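Let me begin by presenting the structure, written as structure tokens, before commenting on it.
Remember, it's a predicted structure, so these values are computed and weren't measured experimentally. The figures here come from the full heavy-atom set of this structure, side chains too, leaving out hydrogens, waters and symmetry mates.
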Amino acid sequence: MREEEQLSLLIGDIYDATLDAALWLGVLSKIADFVGGKTAGLLSKDSVSRIGNIHYNFGVDEHYIRLYQETYWRFDPLSALIFYPVGQVTAISDVMPMEEIRETRFFREWVEPQGWWDAANVILEKSATSFSLLSVVRNEAQGFVDVEMRRRMRLVAPHVRRAVLISRVIELKATQADSFAEMLDALSAGMFLVDARGRIVHANAAGHAMLAEGAVLHAAGLKLSASDGEADAALHEAFMAAGEGDAVLGVKGIAMPLAKPGGERYLAHVLPLSSGARRQAGATHKAAAALFVHKAALDTPSMPEVIAKTYKLTPTELRVLLAIVEVGGVPEVAEALGSAETTVKTHLGRLYGKTGVRRQADLVKLVAGYSNPLVA
């Protein structure tokens, strides 16, 4: 099968998983095959609740999933991915040198026994304290993440991101296509079914309330429009693309910002309805796409992210700095990170050089200063 055909079918399957979470197992299997990996998973990490979850996966033994969620997520160097841009393809070696990774407890006790070698990762969504990602893992025979694998991840990632974001809005395990409109009517987010020209063929109660207010969206006749001209043009470009098929939509219509007078921010997501299991719902209402609109969370950079940018710290240096604050001296940090003491001392020396301090106690004071909301 040609790449274009394989990708088109895969994208359709990804969007169908938006309405039925049980499909993710098969979808992740196809993603791993298309990208050139052995296993694939959708994961999330939260630094406040201190929880790491593998939500859906293909090819990972249940024993290792349990070990990860109980113990090894704490040592996972990919926690540093929260400081990378959403949508960027990042290999393990982009986060820290492979020779350092291979000496960590995480690699020796969790990665290596599974025969894994490298992974391509993409952040799908992140906040100041948490993030979700798509990860595709290669085994030793497949080797390191290469240019071709990165290229294929970039083809798939925007569609996975759209599906995950819309799934969070819908917050359902599974939905039958024939009850699609009824399910959407119950959402607290605004929802609109539109044709390729942006004509509204159905809206839920929250959507009608948005139109009545007219601050973010309004309807001239039956045509849906955003109050901001630039956002309106982008919306209608996404509607037209959705009418032409899943693959044509590409990165259009993902987390599109909408503004309300006074500064309140909203996000819009476009789900194409022209193929796959979604086709029935679209045909029933003569709709090309479903538009979901909800209030945006505050986009505040995290304290570690601010520190990393201020002092130009690498992800590994930042991990060592935060570990010093949380657990103490070099031996304790080495044990907590699963690294050698010599490696921790090397990064500690670099931290001293970049921050201008000379003692671990001063590093703790530096971080504490950024934790104080009164400190600029």
Inset, instruction - Would you check if the side chain of Arg102 reaches a backbone N or O of Arg108 as a donor-acceptor pair within less than 3.5 Å? - result: no

Inset, instruction - Go through the steps to decide whether Val367 and Ile307 satisfy the test side-chain contact (heavy atoms from CB on, under 4.5 Å), and finish with yes or no. - result: CA-CA 8 Å; Val367 173; Ile307 293 174; 4.1 Å; yes

Legend entry - Pair Lys30 + Asp13, salt bridge at N-O below 4.0 Å: yes

Inset, instruction - Give me the ring orientation class for Tyr15 and His159: parallel if the planes are under 30° apart, tilted from 30 to 60°, perpendicular past 60°. - result: perpendicular

Legend entry - Check: Arg154 side chain, Val89 main-chain N or O, donor-acceptor pair, under 3.5 Å: no

Inset, instruction - Would you please test Asn121 and Thr90 for side-chain hydrogen bond (donor to acceptor under 3.5 Å, both in side chains) and show each step? - result: CA-CA 5 Å; Asn121 310 276; Thr90 306; over 6 Å; no

Inset, instruction - Check for a donor-acceptor pair, side chain of Asp232 on one end and backbone N or O of Ala226 on the other, with a separation under 3.5 Å. - result: yes

Legend entry - Value rounded to 0.5 Å, distance of CG in Leu42 from CD1 in Ile31: 7.0 Å

Inset, instruction - Report the C-alpha distance between Arg359 and Lys365 in whole Å, list the side-chain angles of each, state the deciding distance to 0.1 Å, and finish with yes or no for side-chain contact (heavy atoms from CB on, under 4.5 Å). - result: CA-CA 10 Å; Arg359 299 185 305 154; Lys365 291 178 182 178; 4.3 Å; yes

Inset, instruction - Quick one: list whatever passes side chain to side chain contact (heavy atoms under 4.5 Å, CB included) with Lys260, sequence neighbours left out. - result: Glu213, Ala215, Val216, Glu264, Tyr266

Legend entry - Residue pairs passing the salt bridge (Lys or Arg N to Asp or Glu O under 4.0 Å) test where at least one lies in residues 59-68, sequence neighbours excluded: none

Legend entry - Joint hydrophobic cluster, Met98 plus Val137, side-chain heavy atoms closer than 4.5 Å: yes

Inset, instruction - Mind running side-chain contact (heavy atoms from CB on, under 4.5 Å) on Asp16 and Asp20 for me, showing each step along the way? - result: CA-CA 7 Å; Asp16 286 347; Asp20 186 354; over 6 Å; no

Inset, instruction - Taking Thr343 for its side chain and Ser339 for its backbone only, find out whether a donor-acceptor pair lies under 3.5 Å. - result: no

Inset, instruction - Return yes if some donor-acceptor pair links the side-chain N/O of Tyr56 with the main-chain N/O of Val27 below 3.5 Å, else return no. - result: no

Inset, instruction - Find out if a path of hydrophobic residues (ILVMFWY) with successive side-chain heavy-atom gaps under 4.5 Å connects Leu222 to Leu217. - result: no

Inset, instruction - Examine Ile101 and Tyr72 and state if one hydrophobic cluster contains both, with Ile, Leu, Val, Met, Phe, Trp and Tyr joined whenever side-chain heavy atoms are less than 4.5 Å apart. - result: yes

Inset, instruction - Would you please test Thr104 and Glu109 for side-chain contact (heavy atoms from CB on, under 4.5 Å) and show each step? - result: CA-CA 9 Å; Thr104 65; Glu109 298 180 9; over 6 Å; no

Legend entry - Side-chain heavy-atom pair Met149, Val136 within 4.5 angstrom cut-off: yes

Inset, instruction - Return the minimal non-hydrogen interatomic distance between Met256 and Ala234, and the atom names on each side. - result: CE-CB, 3.3 Å

Inset, instruction - Consider only side-chain heavy atoms of I, L, V, M, F, W and Y, link residues closer than 4.5 Å, and tell whether Leu348 and Tyr311 are in one cluster. - result: yes

Legend entry - Lys354 side chain to Lys312 backbone, donor-acceptor under 3.5 Å: yes

Inset, instruction - State, yes or no, whether a side-chain contact exists between Leu211 and Phe192 at a heavy-atom distance under 4.5 Å. - result: yes

Inset, instruction - State plainly whether the residues Arg150 and Asp94 are in salt-bridge range, i.e. N to O under 4.0 Å. - result: yes

Inset, instruction - Compare all side-chain heavy atoms of Pro77 with those of Arg319 and state whether any distance is below 4.5 angstrom. - result: yes

Inset, instruction - With the side chain counted from C-beta on, respond yes when Leu28 and Leu134 share a heavy-atom pair under 4.5 Å apart, and no when they do not. - result: yes

Legend entry - Interatomic distance, Leu258 atom CG to Leu235 atom CG [nearest 0.5 angstrom]: 6.0 Å

Inset, instruction - Determine, using the 4.5 Å side-chain heavy-atom cutoff (strictly less than), whether Leu322 and Leu366 are members of one ILVMFWY cluster. - result: yes

Legend entry - Test: Arg138 cationic atom under 6.0 Å from Phe144 six-membered ring centre, within 45° of axis: no

Legend entry - Donor-acceptor pair, side chain of Gln114 and main chain of Val111, under 3.5 angstrom: no

Inset, instruction - Find the distance between CG (Leu10) and CG (Leu155) and round it off to the nearest 0.5 Å. - result: 10.0 Å

Inset, instruction - Look at the side chain of His236 and the backbone N and O of Leu224, then say whether any donor-acceptor pair between them is shorter than 3.5 Å. - result: yes

Inset, instruction - Please name the pair of heavy atoms, one in Gly190 and one in Met210, separated by the smallest distance, quoted to 0.1 Å. - result: N-CE, 4.0 Å

Inset, instruction - Using the six-membered ring wherever Trp is involved, compare the ring planes of Tyr68 and Trp110 and label them parallel, tilted or perpendicular (cut-offs 30° and 60°). - result: tilted

Legend entry - Atom pair CG (Asn53) and OG (Ser132), whose distance is rounded to the nearest 0.5 Å: 11.5 Å

Legend entry - Results of side chain to side chain contact (heavy atoms under 4.5 Å, CB included) for Glu112 - residues two or more places apart only: Phe107

Legend entry - Validation row: Val122, Met153 side chains within 4.5 angstrom (heavy atoms): yes

Inset, instruction - May I ask you to decide whether Glu140 forms a salt bridge with Lys38, counting only side-chain N to carboxylate O separations under 4.0 Å? - result: no

Legend entry - Nearest non-hydrogen partners of Leu267 and Ala296, listed with the distance: CG-CB, 3.8 Å

Inset, instruction - Search all heavy atoms of Phe292 against all heavy atoms of Ile166 and return the closest pair with its distance. - result: CE1-CG2, 3.6 Å

Legend entry - Backbone N/O of Ile254 and side chain of His269: donor-acceptor pair under 3.5 Å: no

Legend entry - Closest contact, heavy atoms only, Ala288 versus Gly243: CB-CA, 3.9 Å

Inset, instruction - Return yes when atom CD of Glu5 has more than 12 non-hydrogen atoms of other residues, nucleotides or ligands closer than 6.0 Å, and no otherwise. - result: yes

Inset, instruction - Determine the minimum heavy-atom distance between Ala238 and Val270, stating which atoms define it. - result: CB-CG2, 4.0 Å

Inset, instruction - Report yes if the side chains of Leu321 and Leu363 come closer than 4.5 Å at any heavy-atom pair, otherwise no. - result: yes

Inset, instruction - Check whether any side-chain heavy atom of Val60 sits under 4.5 Å from a side-chain heavy atom of Trp116, and report yes or no. - result: yes

Legend entry - Main-chain N/O of Val306 paired with Thr310 side-chain donor or acceptor, under 3.5 Å: yes

Inset, instruction - Supply the atom-to-atom distance Arg162 CZ to Leu271 CG, rounded to the nearest 0.5 angstrom. - result: 8.0 Å

Legend entry - Non-hydrogen side-chain atoms of Leu291 and Met191 separated by less than 4.5 Å: no

